[in-house]
Amino acid sequence: MMRHLISAADLTRDDAVLILDTAEEMARVADRPIKKLPALRGRTVCNLFFEDSTRTRISFEAAEKRLSADVINFAAKGSSVSKGESLKDTAQTLEAMGVDAVVIRHSASGAPYRLANSGWIDAPVINAGDGTHQHPTQALLDAFTMRRRLIGPDAGIGQGLDGRRVTIVGDILHSRVARSNVDLLHTLGAEVTLVAPPTLLPVGVDSWPCEVSYDLDATLPKTDAVMMLRVQRERMNAAFFPTEREYTRRYGLDAERLAKAPGHAIVMHPGPMVRGMEITAEVADSERCTVVEQVANGVHTRMAVLYLLLGGNEPAVSHSRTEENK
Amino acid sequence: MSKILIRGAKVLGGEPQDVLIDGEVIEAVGTGLSAEGAEVVEADGKILLPGLVDLHTHLREPGREDSETVLTGTRAAASGGYTSVFAMANTFPVADTAGVVEQVYRLGQEHGYCDVQPIGAVTVGLEGSKLAELGAMHESAAGVTVFSDDGKCVHDAVIMRRALEYVKAFGGVVAQHAQEPRLTEGAEMNEGTVSAELGLGGWPAVAEESIIARDVLLAEHVGSRVHICHLSTAGSVEIIRWAKSRGIDVTAEVTPHHLLLTDEMVRTYNPVYKVNPPLRTEKDVMALREALADGTIDIVATDHAPHPQEDKDCEWAAAAMGMVGLETALSVVQQTMVETGLLDWAGVADRMSVKPARIGQATGHGRPVSAGEPANLLLLDADYRGAVDPAGFASRSRNTPYQGRELPGRVTHTWLRGKATLADGKLA
């Protein structure tokens with residue numbers, strides 16, 4: 001049984017479906033008057049955040065507390081990169097304090113992998129986002145949201161996303177969300193199309209299990225879910241695209257453009273949204289936009305991951321790539 | 001005892017012969033030579049080669065003695081069969097004055113494990129903007145002939161042109177670290193399918209190739225000589241091949257690790273594989289091997305880059321770039337070039353001793369194994385097989401990508417001007 005969750009690519013279809021099914025169970029807990037399970041009572045989980053992310057940290061913290069875990073929040077402001085050794089030292093300090101699992105967020109791609117595989121610590125490691133590499137729990141919550149909206153909470157149990165068409169739009173190059181989603185959605189049987197200007201697609205993207213397009217308007221009619229990614233305004237200054245307005249004209253989602261998609265198609269965004277640039281307020285606030293649901297589902301999904309990795313009797317996920325490479 | 005008889009050695013991989021050393025020179029090469037008055041070394045069919053010459057070594061002294069010193073680095077060199085190393089200029093302070101190069105040169109002479117020939121910086125502080133005192137370094141006791149800002153590219157085309165022109169006055173050569181700086185901002189590994197998957201900043205092949213293309217054209221225009229450090233891409237090979245066919249005076253080197261390892265290794269996120277230029281693809285590796293075999297790439301140079309453990313035992317992004325190489329270079333070349341049939345031992349001697357000595361003007365090294373020549377030699381047990389154990393390295397640093405990997409061949413003896421610096425696998 002896998003001990004860490006480092007990459008969405010490490011999950012088999014059975015693992016992923018089990019996590020989504022377990023998340024449905026966890027979602028029911030949220031409807032109870034007392035939203036708490038005793039599953040991780042007496043276990044200590046550390047949220048080790050080398051990079052600011054209030055949203056993800058609070059989501060993990062809520063998930064941990066609903067499972068009755070003791071929570072330590074460690075916000076290493078700034079990056080360990082400039083100090084070199086501090087990730088190893090910090091990890092060993094936590095290990096010495098008896099931490100049972102580490103949720104890590106880091107600006108350096110591969111930092112969670114190193115933490116899990118360098119012999120620095122024994123505790124399970126959950127990747128809460130590393131550099132431009134992976135953010136597997138984000139992909140799981142996105143898949144969970146899609147399954148609920150496109151199939152239904154009960155009808156979806158035991159199901160993947162076979163044949164569903166997902167379009168991911170925006171800064172693919174710098175997006176760990178896009179990488180994680182391509183891996184997981186492919187595993188679950190969905191057809192993914194990435195849409196971005198060529199400057200915001202990585203060299204080598206043609207080897208990914210997805211389609212690539214530069215044309216959002218041509219892609220939308222064949223879409224069940226369109227996922228808008230945040231585009232940082234700074235990218236404009238680095239010449240990834242000429243102007244904000246030109247980006248919005250070609251890749252922004254407004255009501256008129258969304259009308260090209262089928263009526264059932266949902267709009268997703270990992271947040272935080274830059275209204276007016278990649279998405280208009282009209283679309284963001286519409287019934288079709290799932291941003292708020294995604295936040296709620298993030299807690300359910302992370303509860304499922306923590307439960308299966310730390311407390312569950314069922315095998316959560318099989319051997320990961322990280323294990324095989326040992 | 002000043003006489004040494006090496007009995008039954010395959011000189012350059014040929015039929016077993018005896019080699020008699022008297023003092024600092026080879027007295028005779030032949031069969032059935034008399035052992036009278038000589039210490040006898042039974043070669044038992046081991047390979048005898050001229051002592052290796054590394055045109056690209058980082059000795060770290062002055063400034064980073066925690067990773068390597070001239071003493072530990074030259075002991076590592078002797079262990080690997082080297083009798084001459086060229087020490088790169090990116091020390092602290094930078095080797096951009098006569099004073100620093102003379103210090104490094106003298107330390108090499110004092111320790112006596114290997115001749116140390118300092119490389120001078122092209123620009124002051126490797127900053128790329130103002131030429132260092134190239135003439136003064138050449139005229140110093142160190143007699144610098146090779147100049148490089150290695151670690152950084154001389155990216156300003158005008159500065160590069162001036163450097164190429166200026167060193168003509170004393171027959172120097174500029175060794176370029178070809179890396180277009182803007183195209184490699186934030187670069188952490190080869191740009192391609194693996195970097196796309198791992199989310200690591202890409203170092204595109206074109207950043208190397210565009211500088212090489214520019215520099216061979218500059219060398220042609222000003223009628224000068226340029227040397228390209230650590231070629232790593234198939235495209236670079238094509239440019240060098242074209243330049244040579246055009247008669248441009250360019251030489252090029254490849255590192256052992258670029259002949260063996262690919263960017264697939266980076267999937268482990270183990271910083272031991274982090275190196276500049278980065279590990280490339282299988283296609284690049286094969287192109288580099290062929291180019292070394294056909295002479296397009298002139299030499300093998302180690303880019304021996306020692307780093308202390310704390311600079312590698314960390315996350316990928318935080319890690320220093322580079323790997324040690326002096327003690328494993330010949331083994332890697334044996335595996336990738338000899339055992340694949342691409343080069344014979346004479347070819348290895350040519351690429352690792354004769355040509356690098358010629359490019360760097362290391363007179364006395366890279367000479368034929370014949371009577372009257374300096375006794376700079378190594379003996380290699382090519383049949384040896386064993387896993388690399390960095391704990392046994394003479395280098396102060398252990399950042400080798402080959403830990404636990406089986407590599408063929410082991411240098412058992414090294415002689416520097418007739419004096420054994422390595423005997424029976426042990427340093428003198």
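Note: hydrogens, waters and symmetry copies are ignored here, and every other heavy atom, side chains too, is used. Numbers restart at 1 for each chain; the letters A, B, ... are given by sequence-line order, proteins then strands. If you're wondering where the values come from, they're calculated on a predicted model, not measured in any experiment.
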Participant: If you draw a 6.0 Å radius around CD in A:Gln232, do more than 12 non-hydrogen atoms from other residues or ligands fall strictly inside?
Facilitator: yes
Participant: OG/A:Ser118 to OH/B:Tyr269 distance, rounded to the nearest 0.5 angstrom?
Facilitator: 12.5 Å
Participant: Counting only heavy atoms not in A:Glu211, do more than 12 fall under 6.0 Å of its CD?
Facilitator: no
Participant: So how far is it from A:Asp183 CG to B:Glu197 CD, rounded to the nearest 0.5 Å?
Facilitator: 7.0 Å
Participant: Using heavy-atom distances under 4.5 Å, tell me whether B:Asn270 contacts chain A through its side chain, its backbone, both, or neither.
Facilitator: both
Participant: With rounding to the nearest 0.5 angstrom, report the CZ to CD distance, A:Phe50 to B:Glu315.
Facilitator: 7.0 Å
Participant: Looking at A:His174, I want to see if its NE2 is surrounded by more than 12 non-hydrogen atoms of other residues, nucleotides or ligands under 6.0 Å.
Facilitator: yes
Participant: The test is side chain to side chain contact (heavy atoms under 4.5 Å, CB included); show your working for B:Asp313 and A:Trp120 and say whether it passes.
Facilitator: CA-CA 10 Å; B:Asp313 193 18; A:Trp120 298 337; 3.2 Å; yes
Participant: Can you confirm whether more than 12 heavy atoms, excluding those of A:Gln92, are under 6.0 Å from its CD atom?
Facilitator: yes
Participant: Which heavy atom of B:Ala196 sits nearest to which heavy atom of A:Val205, and what is that distance?
Facilitator: CB-N, 4.4 Å
Participant: Looking only at heavy atoms and a cut-off of under 4.5 Å, which of A:Gly110, A:Pro202, A:Ser175 has the most pairs with chain B?
Facilitator: A:Gly110
Participant: Please find the pair of heavy atoms, one from B:Pro271 and one from A:Arg114, that lie closest to each other, and give the distance.
Facilitator: CD-CZ, 3.3 Å
Participant: Roughly how far, to the nearest 0.5 Å, is NE2 of A:His133 from CH2 of B:Trp316?
Facilitator: 12.5 Å
Participant: Set out, in order, the CA-CA distance, both residues' side-chain angles and the distance that settles side chain to side chain contact (heavy atoms under 4.5 Å, CB included) for A:Ser109 and B:Leu198, then state yes or no.
Facilitator: CA-CA 7 Å; A:Ser109 299; B:Leu198 298 184; 5.9 Å; no
Participant: How close do A:Thr132 and B:Leu200 get, heavy atom to heavy atom, and via which atoms?
Facilitator: OG1-N, 4.3 Å
